[in-house]
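Fair warning: this is a prediction, and the values are worked out from it, not measured in the lab. A note on names: the letters A, B, ... follow the listed sequences, proteins ahead of strands, and every chain is numbered from 1.
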Amino acid sequence: MARSVAKPGRQPASGGPSMPYDPANSESRWQQAWDQAGTFVARRDERPKYYVLEMFPYPSGRIHMGHVRNYTMGDVVARYKRAQGFSILHPMGWDAFGMPAENAAMENGGHPRDWTYANIATMKQQMKPLGLAIDWTREFATCDDDYVAQQQALFLDMLDAGLIYRKAAVVNWDPVDMTVLANEQVIDGKGWRSGEPVERRELTQWFFRITDYADELLDALDGLDGWPEKVRLMQANWIGRSRGVQLRFDTVNAPDFPGIEVYTTRPDTLMGASFLSISADHPLAKSLESDPAIAAVAAEARRTGTSEEALEKAEKIGIDTGIRVRHPLDPSRELPVWIANFVLMDYGTGAVMGSPAHDQRDHDFAVKYGLPILAAFGERGATRAQADAAVAAQPFTPPKSEPVTYVRGFAGEGDQTGDQTGEAAVDAAIAHAEAQGYGEGVTRFRLRDWGISRQRYWGCPIPVLHCDTCGVVPEAKANLPVLLPLDVSFDVPGNPLDRHPTWRDATCPGCGGAARRETDTMDTFVDSSWYFARFTSPHATTPTDAADADYWMNVDQYIGGVEHAILHLLYSRFFARAMVRTGHLPAKASEPIAALFTQGMVTHEIYQTRDDRGRPVYHLPEEVSGGKLADGTAVEVIPSAKMSKSKKNVVDPVDIVTRFGADTARWFMLSDSPPERDVEWTASGAEAASKFLARVYRLAEETGAAPDAPDRNAPDRDDPDLTRAAHRAIDEVTRALDGFAFNKAIAKLYELANAVGRSQASGEPRRAVMRIVAQLMAPMVPHLAEDVWALSGGQGMAVDAPWPTADAAALVQDSVTLPIQINGKRRGEITVPAAMSPADVEQAVLADEAVQRFLNGQPPRKLIVVPGRIVNVVA
RNA sequence: GCCCGAGUGGCGGAAUGGUAGACGCAGCGGAUUCAAAAUCCGCCGCCGCAAGGCAUGUCGGUUCGAGUCCGACCUCGGGUACCA
């Protein structure tokens, strides 16, 4: 419907009816235009390349606002870099294996494969209208047969290179459902479906030797300049390189176990050791299980979940085994050996030294079981009695760099006491242990090898066979891919691969005899550890293509949630090294991600009322208006909560795009919060974004219509203020985009649009500025930018226009206003020529009336002039 | 428990150690309109008539000057190796 929108005075006299901003129509039109031009198909050419990647989505069923935010940010980078002349790789795929598909099959029937591909189709259809500059020709899902084939080929090469091995590891076992549970399926130590306490159970599983690269993964963090410092810190702490000592405690009364090996980073507290604790799975503990009391505690200890969190938070339990060990520094002391539930056989030696005076966990344990608490050291100057008294109620754990007073020598009773830092004492203790032969200094890592075996169906099959003659044998590459059987059911718990009638049967590539397939599948983190490499040549018949990988690697900008700061990103860093080693990536790709940005979540208010029994009842945003329901009931508003279906505080991107258009959704997602922080979706904010975009469209229409005015032959009115504003905006928006400050870029665009609205400039000068507006907005709102570009006389498409550059001359200011502080408080200001010397500024300031009043005739004690910034008078 | 973050008006936020609150939302006032919507213009941290004072989670410190740096704490969020 046509209507006039032009302001009085700028009304196009002869102009036809203007069209209102109509994103539904124009957005799909521009998307078709880009498609037809093949604008976003990545090409290897003479331009410098730029690889932008957002963490690919799990196909859960529908896209959500978090996806919109994530992909919009990547899209801004892709379009901005494209305008700057880079050849862009900006692909999209699907992290398609995983538990939700199996859960859906269990709950609603159907097959995980069908569920997954249907979800992918839906989500792709939902993403398309966002107008993302994605090369869809490279799309793949990790559950595609082809991806499975290449991943299995990688596995075999890594196996061949010695990067993969098998060992026993514990899992959460649900004794009722007879199945392995994921950590998230263990709630308060009980299985999520059965409600029964889970047990720890040992299984032989496949491991990647990520610890081979522990040193390198840690040291290389220093070079990752484009990564957030917090992520590098988290990874460094996770890898956790520590220097300590492996100590041997000789047993007194266990002839079959002459010694127990213990690793500690605090050998300086050895004199404070009052017990050893061992895992219930330690061989020594297992040998004692004929004792019913020990068996009971061991069984109880095995009932704790396997997660570190569960382990650390669980009530500490233990039992004295009756076994005694001799203290290495004092043969007259015998220490008891306890079984404890917080020690896992998987980590280290399965035994730890208890120094309750200097460790919170050991202290808790010692208090609970009445074990002695002996201080190795105390506050500086403390006597032994004082130090012991101080640790009775709580452990003393100062930083290792802090000097303390050792009250029991760390090299023996009364030997090497006195003031030391923990660091120095640890060094001395290690030296002493080595000299005396009761231990040796070792560097160890917190990082453990990466267990990839999953007792689940919907994952990439591990391509190995079990042969009675040859043992464990890799599948022949010619037989890849090993694909999942499709005729499976999920009506009984457990892994359908295990109970499939024929799938396991295979021929041994070694001896040609009968063999059984491995029924474990790979951790889905394997899939996501190399997908970025696969995007460089998604259709290659090998995992990667050397020329493509060489051109496109590395990822120049990776964008995703901080929840992946450790596992996904560390595994990817490891995988890249493994792929370099096996010849699938060039050496330069061993750090595959040059820059990382972690974006915040999208949140929304929760609207809550209470039922008769005081339980919360949640209401959808559209049911609430003005803080009330339709029937007038007031709702309680809980701000900034993560969007979740159960809390009903969700906004569907499809609804938003239908109602406002993609550009509004994109604009609001970027405008309201800095990208690394959470953003709260608000209806009013979305409406404001929509209004602003409509206003920009109107401005473009008005300026575009200007030549049709009757005075078209009169000279154009220029407006130096507007030109200056435009160049300042170019400068500021460019710097904001470079710094990932999308919200600031948008604030600058508001300012520029306001300047255009105020300006009296006419005709071409105005249109020139509107073309700059179009270019600067294009990365954020690409469809509107095309409209504005076309309306203001731009040639071709805005998407193909090179990024504008600011005219330095237009940015210079001739005078500056300096605030005047007196004793640090703002008391006035002074406007001086920008080039005025500090000495002249001082004179001008001292002449200032407000300054004279404060100084009251006295000379100032100090006068600080920060050129161009501020003046501070100290009276 | 442990590791890592974040906290600024009624709200989202801005601020190379240099005027705290850019820009936007909400609110208030005005213009336009028969009326409304839409649009346009103006005001808008708190207390105070004003002078002025108080304000960046809390408490201390460094500095001519601290939202920004240092120390301790509080609250919320992420991770914690089988959720992705």
Roughly how many Å is it from NZ in Lys642(A) to P in A84(B), rounded to a whole number?
14 Å
Classify Gly561(A) by what it touches in the nucleic acid, base, sugar-phosphate, or nothing, heavy-atom distance under 4.0 Å.
nothing
For the pair Glu732(A) and Lys744(A), find out whether any cationic side-chain nitrogen is under 4.0 Å from an anionic carboxylate oxygen.
no
Could you give me the CA-CA distance, side-chain angles and deciding distance for Phe365(A) and Phe342(A), then say whether ring-ring contact (aromatic ring centres under 6.0 Å, His included) is met?
CA-CA 10 Å; Phe365(A) 195 76; Phe342(A) 55 82; 5.4 Å; yes
When the distance from CE of Met55(A) to C1' of C83(B) is rounded to whole Å, what number comes out?
15 Å
Would you measure the distance from the C1' atom in A6(B) across to the matching atom in U56(B) and give it in whole Å?
14 Å
Aromatic rings Tyr558(A) and His568(A): how do their planes relate, parallel, tilted or perpendicular, breaks at 30° and 60°?
tilted
Among G18(B), A15(B), G78(B), the one nearest Val562(A) by side-chain distance
G78(B)
Give one of base, sugar-phosphate or nothing for Ala565(A), where a contact means two heavy atoms less than 4.0 Å apart.
nothing
Output the single nucleotide from A22(B), C83(B), A14(B) whose closest atom is nearest the side chain of Glu184(A).
C83(B)
Sugar-phosphate, base or nothing in reach of Val180(A), heavy atoms under 4.0 Å
base
d(CG, Asn823(A); P, G53(B)) in whole Å:
12 Å
Nearest-angstrom distance, P atom, C70(B) to G5(B)
11 Å
Using the C1' atom as the point on both nucleotides, what is the distance between A38(B) and U32(B), in whole Å?
11 Å
According to the Watson-Crick and G-U wobble definitions, with both distances under 3.5 Å, which nucleotide is paired to G7(B)?
C74(B)
Please work out if Trp450(A) contacts a base, only the sugar-phosphate, or nothing of the nucleic acid, heavy-atom cut-off 4.0 Å.
nothing
Where the side chain of Ser671(A) meets the backbone of Phe668(A), is there a donor-acceptor pair that is under 3.5 Å apart?
yes
Quick one: label Pro57(A) by what it contacts on the DNA or RNA (base, sugar-phosphate, nothing), any heavy atom closer than 4.0 Å.
nothing
Please confirm whether the shortest side-chain N or O distance from Ser684(A) to OP1 or OP2 of A26(B) is below 4.0 Å.
no
Taking the minimum atom-to-atom distance to the side chain of Asn754(A), which one of G24(B), A81(B), A20(B) wins?
G24(B)
Base, sugar-phosphate, or nothing for Glu680(A), non-hydrogen atoms under 4.0 angstrom?
nothing
Any luck finding a side-chain donor-acceptor pair between Trp206(A) and Glu518(A) under 3.5 Å?
yes
Span that lies between the C1' atom of G67(B) and that of G13(B), in whole angstrom
13 Å
Starting at NE2 of His568(A) and ending at C1' of A81(B), how long is that distance when rounded to a whole Å?
15 Å
Counting any heavy atom closer than 4.0 Å, what does Val679(A) reach on the DNA or RNA strands: base, sugar-phosphate only, or nothing?
nothing
Base paired to U33(B) (Watson-Crick or G-U; both N/O distances under 3.5 angstrom)
none
P spacing across the pair U75(B) / G24(B), given as an integer number of angstrom:
37 Å
Rounded to the nearest Å, what distance is computed from the NZ atom of residue Lys691(A) to the C1' atom of nucleotide C25(B)?
10 Å
Base orientation of G9(B), chi within 90° of 0 counted as syn, else anti, reads syn
Does Lys748(A) or Val170(A) map to a spot on RNA chain B nearer the 5' end, using the closest nucleotide for each?
Lys748(A)
Short side-chain N/O contact to C40(B) OP1/OP2 from Arg695(A), under 4.0 Å:
yes
Counting the atoms with a prime plus P, OP1 and OP2 as sugar-phosphate, which does Arg827(A) contact under 4.0 Å by heavy atoms, base, sugar-phosphate, or nothing?
sugar-phosphate
Hey, is Glu229(A) close enough to Arg232(A) for a salt bridge, meaning N to O under 4.0 Å?
yes
Looking at every strand, decide which applies to Gly98(A) at a 4.0 Å heavy-atom threshold: base, sugar-phosphate, or nothing.
sugar-phosphate
Whole-Å distance between U63(B) P and Arg861(A) CZ?
14 Å
Classify the side chain of Asn237(A) and the base of C3(B) as holding, or not holding, a donor-acceptor pair under 3.5 Å.
no
Please work out if Val866(A) contacts a base, only the sugar-phosphate, or nothing of the nucleic acid, heavy-atom cut-off 4.0 Å.
base
Calculate the interatomic distance between Trp227(A) atom CH2 and G5(B) atom C1'; express it in whole Å.
17 Å
Gln205(A) near the nucleic acid: base, sugar-phosphate alone, or nothing, with a heavy-atom cut-off under 4.0 Å?
base
In whole Å, measure the gap between the C1' atoms of U63(B) and G78(B) for me.
35 Å
Please name the nucleotide paired to C54(B) by Watson-Crick or G-U wobble geometry with both distances under 3.5 Å, or report none.
G45(B)
Mind checking Gln360(A) for me? I need base, sugar-phosphate or nothing, with any heavy atom below 4.0 Å counting as a touch.
nothing
Would you please classify the geometry between the Tyr697(A) ring and the Tyr21(A) ring as parallel, tilted or perpendicular, with 30° and 60° separating the classes?
tilted
It should be established whether Ser671(A) places a side-chain nitrogen or oxygen under 4.0 Å from OP1 or OP2 of nucleotide G24(B).
no
Under a 3.5 Å limit on both distances, the Watson-Crick or wobble mate of A20(B) is none
If only side-chain N and O atoms of Asn872(A) are considered, is one of them under 4.0 Å from the OP1 or OP2 phosphate oxygen of G18(B)?
no
Give a yes/no on whether any side-chain N or O of Lys825(A) is located under 4.0 angstrom from OP1 or OP2 of C54(B).
yes
pair_partner(G1(B)), Watson-Crick or wobble, both distances < 3.5 Å, evaluates to U80(B)
Pick base, sugar-phosphate or nothing for Leu818(A), based on heavy-atom distances below 4.0 Å to the nucleic acid.
nothing
What contact category does Lys313(A) fall into here, base, sugar-phosphate, or nothing, at under 4.0 angstrom with non-hydrogen atoms?
base
Which of parallel (below 30°), tilted (30 to 60°) and perpendicular (above 60°) describes Phe574(A) and Tyr213(A)?
perpendicular
Before giving the answer on salt bridge (Lys or Arg N to Asp or Glu O under 4.0 Å), spell out for Lys230(A) and Glu676(A) the whole-Å C-alpha distance, their side-chain angles and the decisive distance to 0.1 Å.
CA-CA 12 Å; Lys230(A) 62 175 174 182; Glu676(A) 67 277 12; over 6 Å; no
What's the CD1-C1' distance between Ile870(A) and G65(B), to the nearest Å?
7 Å
If you measure from the C1' atom in C44(B) to the same atom in C23(B), how many Å do you get, rounded?
15 Å
Is Arg677(A) close enough to G77(B) that one of its side-chain N or O atoms is under 4.0 Å from OP1 or OP2 there?
no
